[in-house]
Number of protein chains: 4
Amino acid sequence: MSVAPEKRSFVRLPREKRMRDIEKAARMVFSQHGFDAAPVNEIAAEAGISEGSIYKFYTNKRDLLHTVLRTWYLGMIDDFKAKLEGIEGTRARIHIVIWQHLKSIKESPDLCRLFYSEVRNAPDYYSTELYDMNREYTRVLMGILAKGMAEGDIRTDTSPALVRDVIFGGIEHHVTAYLMNRGDFDYEVVAQQLSRLVFCGIAADKPEPRQDLDRLIERLEQVTDRLDQKSSEGG
Amino acid sequence: MSVAPEKRSFVRLPREKRMRDIEKAARMVFSQHGFDAAPVNEIAAEAGISEGSIYKFYTNKRDLLHTVLRTWYLGMIDDFKAKLEGIEGTRARIHIVIWQHLKSIKESPDLCRLFYSEVRNAPDYYSTELYDMNREYTRVLMGILAKGMAEGDIRTDTSPALVRDVIFGGIEHHVTAYLMNRGDFDYEVVAQQLSRLVFCGIAADKPEPRQDLDRLIERLEQVTDRLDQKSSEGG
Amino acid sequence: MSVAPEKRSFVRLPREKRMRDIEKAARMVFSQHGFDAAPVNEIAAEAGISEGSIYKFYTNKRDLLHTVLRTWYLGMIDDFKAKLEGIEGTRARIHIVIWQHLKSIKESPDLCRLFYSEVRNAPDYYSTELYDMNREYTRVLMGILAKGMAEGDIRTDTSPALVRDVIFGGIEHHVTAYLMNRGDFDYEVVAQQLSRLVFCGIAADKPEPRQDLDRLIERLEQVTDRLDQKSSEGG
Amino acid sequence: MSVAPEKRSFVRLPREKRMRDIEKAARMVFSQHGFDAAPVNEIAAEAGISEGSIYKFYTNKRDLLHTVLRTWYLGMIDDFKAKLEGIEGTRARIHIVIWQHLKSIKESPDLCRLFYSEVRNAPDYYSTELYDMNREYTRVLMGILAKGMAEGDIRTDTSPALVRDVIFGGIEHHVTAYLMNRGDFDYEVVAQQLSRLVFCGIAADKPEPRQDLDRLIERLEQVTDRLDQKSSEGG
DNA sequence: GATGAATGAGGATTCATTCAT
DNA sequence: AATGAATGAATCCTCATTCAT
């Protein structure tokens with residue numbers, strides 16, 4: 001926890017390194033105290049820097065919070081896209097989205113709570129870069145849903161926005177207790193349940209032709225051919 | 001510039017009336033400013049009472065907020081139960097729950113925002129009377145779900161808690177923009193869509209087509225493998 | 001000097017008395033430190049009140065300064081009018097104005113310096129109540145000048161505004177050193193000298209000697225020319 | 001939002017040139033913002049130099065201000081003396097002083113305001129080089145007055161210091177509005193009015209012997225002689 | 001019961017100046 | 001000489017709550 005206030009003496013670090021130090025310290029202190037209760041001087045101490053220096057890099061305490069959360073969000077978006085790479089099938093992709101989102105929350109409950117309570121309720125949220133990132137984040141899901149509808153996996157009268165809200169809102173609601181340090185959740189299980197609920201809720205009635213089925217039939221045909229050949233050879 | 005406050009004359013009112021006046025004033029001022037930004041003196045002025053007197057009735061500014069929200073919640077619970085009276089059928093009952101919840105939000109967005117941003121994120125939420133009321137509120141839905149499962153309308157492997165979270169979380173997420181005075185929503189439409197999504201997601205009668213298919217495919221795969229082996233062995 | 005921070009315990013005073021206490025304390029502290037360097041907590045201590053209470057009466061530290069100066073100005077205006085009562089004669093009245101102004105400065109150099117350096121240079125001075133009071137203050141002189149011109153004591157081509165500036169600006173310039181605690185001045189003597197200078201500078205009866213002489217010389221020149229011509233013609 | 005400063009490349013300039021650049025930049029920035037509100041980094045940027053480098057040349061932000069004002073003052077003193085060159089007559093010389101001072105103010109209101117509000121009110125003004133320059137500046141007028149008294153143009157019971165204060169204080173007071181960007185003034189007109197007021201206020205009653213009069217009388221004597229001659233001739 | 005004067009903690013922020021590189 | 005990262009002091013103000021009257 002907060003480092004003793006030793007005499008810090010003019011240590012010159014490259015800008016990048018310093019900013020990372022500060023951000024790291026801020027992440028720690030904000031996580032611990034929340035935004036309002038987080039004293040800037042504690043962040044400074046934790047970063048091994050003077051209080052004033054923070055304002056050389058960040059205009060605001062709030063700017064600092066947003067930076068911390070942006071970095072986090074960036075990582076989440078990357079993870080998201082990486083995980084989705086090569087995954088086929090609407091259902092599987094939806095499952096990944098849910099699973100990954102739950103996993104992110106599980107891993108960073110403090111940042112998550114910070115985002116929910118400090119950023120998203122703020123009146124200026126919509127003019128925030130974090131809002132844009134959130135849109136990019138959810139856009140991944142929206143794309144999946146659109147494709148799913150185009151391909152006939154999802155009923156065309158489905159409202160993608162509502163599905164998005166059900167997923168992210170449902171998750172948020174479900175993890176509330178965990179975020180408040182009450183209770184826990186198993187993201188494997190929850191992801192399974194939730195993706196099933198959602199997919200069943202929006203799935204089109206007739207199943208689409210499946211590639212694995214095609215392949216299987218092909219193999220069966222080949223086997224049958226061979227058996228046919230054998231029986232005629234042996235005959 | 002050093003403005004003297006107006007004089008108010010002593011008027012003695014019955015305790016009940018006073019409390020209702022204060023609560024009404026508080027509801028107004030909180031709705032307008034939010035909790036933190038709401039000055040107690042404005043509430044006092046609005047209620048026609050002195051600042052200090054408020055503390056004769058309410059221990060806290062926050063107590064006042066909670067009282068306001070409790071009154072609101074009480075009404076919501078009543079409406080809920082009244083609406084549900086005589087409604088039969090799991091799906092219909094779920095629809096009512098959703099519809100009613102959306103309607104309440106539509107009608108009192110300010111109180112709703114207050115609840116979301118001030119009460120539910122507070123660390124002491126779980127020891128709050130509002131938490132209990134919220135449980136009672138959601139218990140209505142939980143009862144419906146339990147009955148639905150017992151009667152075979154809902155798959156028995158459904159997690160009622162998750163359904164609850166999907167419903168209330170999904171709604172909350174969906175109305176966020178409206179609560180922030182950005183955009184609007186039509187609760188008839190949304191209720192329709194959401195209840196369908198949820199009910200389809202958990203309904204018992206319609207088996208998940210894909211998972212059955214998966215099992216069939218699996219069995220076919222095994223048969224094919226065996227055939228395959230046999231056909232090549234025999235060569 | 002600043003009273004020791006004893007335990008102050010809820011002493012309830014009438015609003016008027018409190019405000020006077022604070023104002024008195026502020027006057028003292030501002031005089032000692034100037035505006036910027038005056039700590040509000042010292043004012044509070046001096047007034048025997050808590051820091052926060054000051055803001056119940058005055059919106060600002062600056063509001064407090066202005067109040068102090070307004071009170072001072074009010075007294076000055078009263079003194080002014082009282083002194084002028086029954087004084088006849090333009091010159092005598094001008095003398096009073098000068099004398100009284102010098103006297104006020106002599107008696108309250110600190111407030112005077114405060115006014116010069118903090119109020120009058122501020123960009124919002126012209127929307128200030130102190131500006132209005134200053135106008136009322138100088139209007140007394142303007143009235144004297146107008147009457148003087150109407151009665152023929154003062155040349156009608158005199159600019160009253162310029163006379164006002166010469167008087168108040170001249171005084172201000174003259175007392176600068178005194179205000180900075182360097183040097184002194186005798187307001188009887190200075191008033192005598194200045195009022196004489198000003199009055200002679202604008203008096204109607206004593207024509208400017210030089211310009212008359214110029215005219216005389218011109219006439220003589222013309223006469224001489226004629227004589228000259230005649231005397232040489234006649235030759 | 002954590003904007004990285006642009007990189008500047010090392011360029012080595014002769015000391016003189018650098019100092020002039022900085023001074024010019026400072027003049028601009030001080031004029032625009034006033035002293036306190038002028039950020040040193042803006043001066044540095046304007047001068048195309050780093051913040052730290054400024055302190056290689058000037059010990060202080062205030063030193064920089066003083067340097068700017070000294071340069072300005074130097075020019076004013078030169079103008080003053082140049083304008084006065086060859087001007088004869090106390091009244092004419094006083095008029096020049098007033099006219100020139102008004103003109104300087106008109107041309108550099110920003111520097112003038114800076115001087116009035118930042119330098120002259122400072123407690124250390126009297127140990128300042130600018131104070132010395134100001135004395136030199138006013139000494140020109142003092143010399144004129146002394147000579148005027150010696151030559152009998154000015155009453156010998158006049159206080160030169162007071163006249164100086166009336167002139168410079170009167171001017172300062174008169175142009176206040178202009179310096180605050182409210183209103184304007186015509187220095188030709190004001191100079192005329194003020195020099196007349198002042199000179200009339202201090203002029204000696206008996207006009208001094210004038211050279212043109214001498215000449216005229218001489219001519220008259222000659223004419224009279226001639227006429228005398230004629231009349232005796234003709235007689 | 002009602003008043004309203006009095007309390008007092010609590011913290012982000014600026015920016016001229018320094019000094020290691 | 002030039003840089004620019006680092007320093008750190010210094011303080012006004014709010015407003016929920018208390019308590020003497």
Side-chain angles (χ1 to χ4, degrees), chain A residues 8-15 17-18 36-44 48-62 64, chain B residues 4-5 7-15 18 36-44 49-62 64, chain C residues 8-15 17-18 36-42 44 48-62, chain D residues 4-5 7-15 18 36-44 49-62 64:
Chain A
R8 259 174 293 92
S9 57
F10 239 96
V11 178
R12 197 177 179 132
L13 260 56
R15 187 178 179 85
K17 162 81 174 133
R18 260 291 133 85
D36 284 322
V40 172
N41 63 7
E42 192 170 328
I43 297 174
I49 205 177
S50 80
E51 218 170 328
S53 290
I54 288 184
Y55 294 86
K56 273 282 182 300
F57 303 100
Y58 303 95
T59 56
N60 256 340
K61 188 181 170 186
R62 190 159 292 273
L64 195 41
Chain B
K7 294 268 170 188
R8 239 193 329 278
S9 52
F10 280 59
V11 178
R12 197 149 173 168
L13 260 57
R15 187 173 179 86
R18 263 283 137 90
D36 284 323
V40 173
N41 62 9
E42 191 169 323
I43 297 174
I49 205 176
S50 81
E51 227 172 318
S53 293
I54 286 185
Y55 293 86
K56 285 284 186 299
F57 302 99
Y58 301 95
T59 58
N60 251 343
K61 186 182 172 185
R62 191 159 291 272
L64 196 40
Chain C
R8 258 173 293 94
S9 57
F10 240 96
V11 178
R12 197 174 179 136
L13 259 56
R15 186 177 179 84
K17 161 80 174 135
R18 262 290 134 86
D36 284 321
V40 173
N41 62 5
E42 191 170 329
I49 204 176
S50 79
E51 213 171 330
S53 290
I54 288 184
Y55 294 88
K56 273 282 183 299
F57 304 100
Y58 302 95
T59 56
N60 256 341
K61 188 180 169 187
R62 190 158 291 272
Chain D
K7 295 268 168 187
R8 239 196 327 279
S9 52
F10 279 57
V11 178
R12 196 149 173 169
L13 260 58
R15 188 174 177 83
R18 263 284 136 89
D36 284 323
V40 172
N41 61 9
E42 191 169 323
I43 297 174
I49 205 175
S50 81
E51 228 171 318
S53 293
I54 286 184
Y55 293 86
K56 285 283 185 299
F57 302 98
Y58 301 94
T59 57
N60 251 343
K61 186 182 173 186
R62 192 160 290 273
L64 197 41

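Below, chains carry the letters A, B, ... as their sequence lines are ordered, and counting in each starts from 1.
- Which of E/dA12, F/dT7, F/dA2 sits closest to the side chain of A/Ser50 comes down to F/dT7.
- Counting non-hydrogen atoms under 4.0 angstrom, B/Lys56 reaches a base of the nucleic acid.
- Each of D/Thr59 and A/Asp36 was matched to the nucleotide of DNA chain E holding its nearest heavy atom; the match closer to the 5' end belongs to A/Asp36.
- Using Watson-Crick or G-U wobble geometry with both donor-acceptor distances under 3.5 Å, E/dT13 finds its partner in F/dA10.
- Taken from OG in A/Ser53 to OH in A/Tyr58, the straight-line distance is 12.5 Å, to the nearest 0.5 Å.
- The side chain of B/Ser53 contributes an N or O atom lying less than 4.0 Å from OP1 or OP2 of E/dT3.
- Take the nearest nucleotide of DNA chain F for B/Gly52 and for C/Pro39: the residue whose nucleotide is more 5' is C/Pro39.
- Put simply, C/Asn60 has a side-chain N or O that comes within less than 4.0 Å of OP1 or OP2 on F/dC13.
- Between F/dC13, E/dG8, F/dA16, one nucleotide has an atom nearer to the side chain of B/Glu51 than all others, and that is F/dA16.
- Contact check for D/Phe57 versus D/Leu64: no side-chain heavy atoms found under the 4.5 Å cut-off.
- Look at C/Arg15 and you won't find any side-chain N or O under 4.0 angstrom from OP1 or OP2 of E/dA6.
- In this structure, C/Leu13 reaches the sugar-phosphate backbone alone: every heavy-atom distance under 4.0 Å involves primed, P, OP1 or OP2 atoms, never a base.
- Atom CG in C/Asn60 sits 12.0 Å away from atom CD1 in C/Ile54 (nearest 0.5 Å).
- Taking a pair to require two hydrogen-bonding distances under 3.5 Å in either a Watson-Crick or a G-U wobble arrangement, F/dT21 pairs with E/dA2.
- Here E/dA5 presents its C1' atom at 14 Å from CD1 of C/Ile54, a figure rounded to the nearest Å.
- When atom types are taken as modelled, the side chain of B/Lys61 and the backbone of B/Pro39 share no donor-acceptor pair closer than 3.5 angstrom.
- Taking the nucleotide of DNA chain F with the nearest heavy atom to each of C/Ala38 and B/Val40, the more 5' of the two is matched to C/Ala38.
- The distance from atom CD1 of C/Ile49 to atom CG of C/Leu13, rounded to the nearest 0.5 Å, is 8.5 Å.
- Between B/Tyr55 and the phosphate of F/dT17, there is a side-chain N or O to OP1/OP2 separation shorter than 4.0 Å.
- Residue B/Tyr58 is out of contact with every strand shown, counting any heavy-atom pair closer than 4.0 Å.
- With rounding to whole Å, D/Lys61 atom NZ is found 8 Å from E/dC15 atom P.
- Distance, C/Phe57 CZ to F/dC13 P: 16 Å, rounded to whole Å.
- To the nearest angstrom, C1' of E/dG10 lies 14 Å from CG of C/Asn41.
- At whole-Å resolution of the value, CD1 in A/Ile43 and P in E/dA12 are 8 Å apart.
- Contact check, C/Arg18 against E/dA6: a side-chain N or O comes under 4.0 Å of OP1 or OP2.
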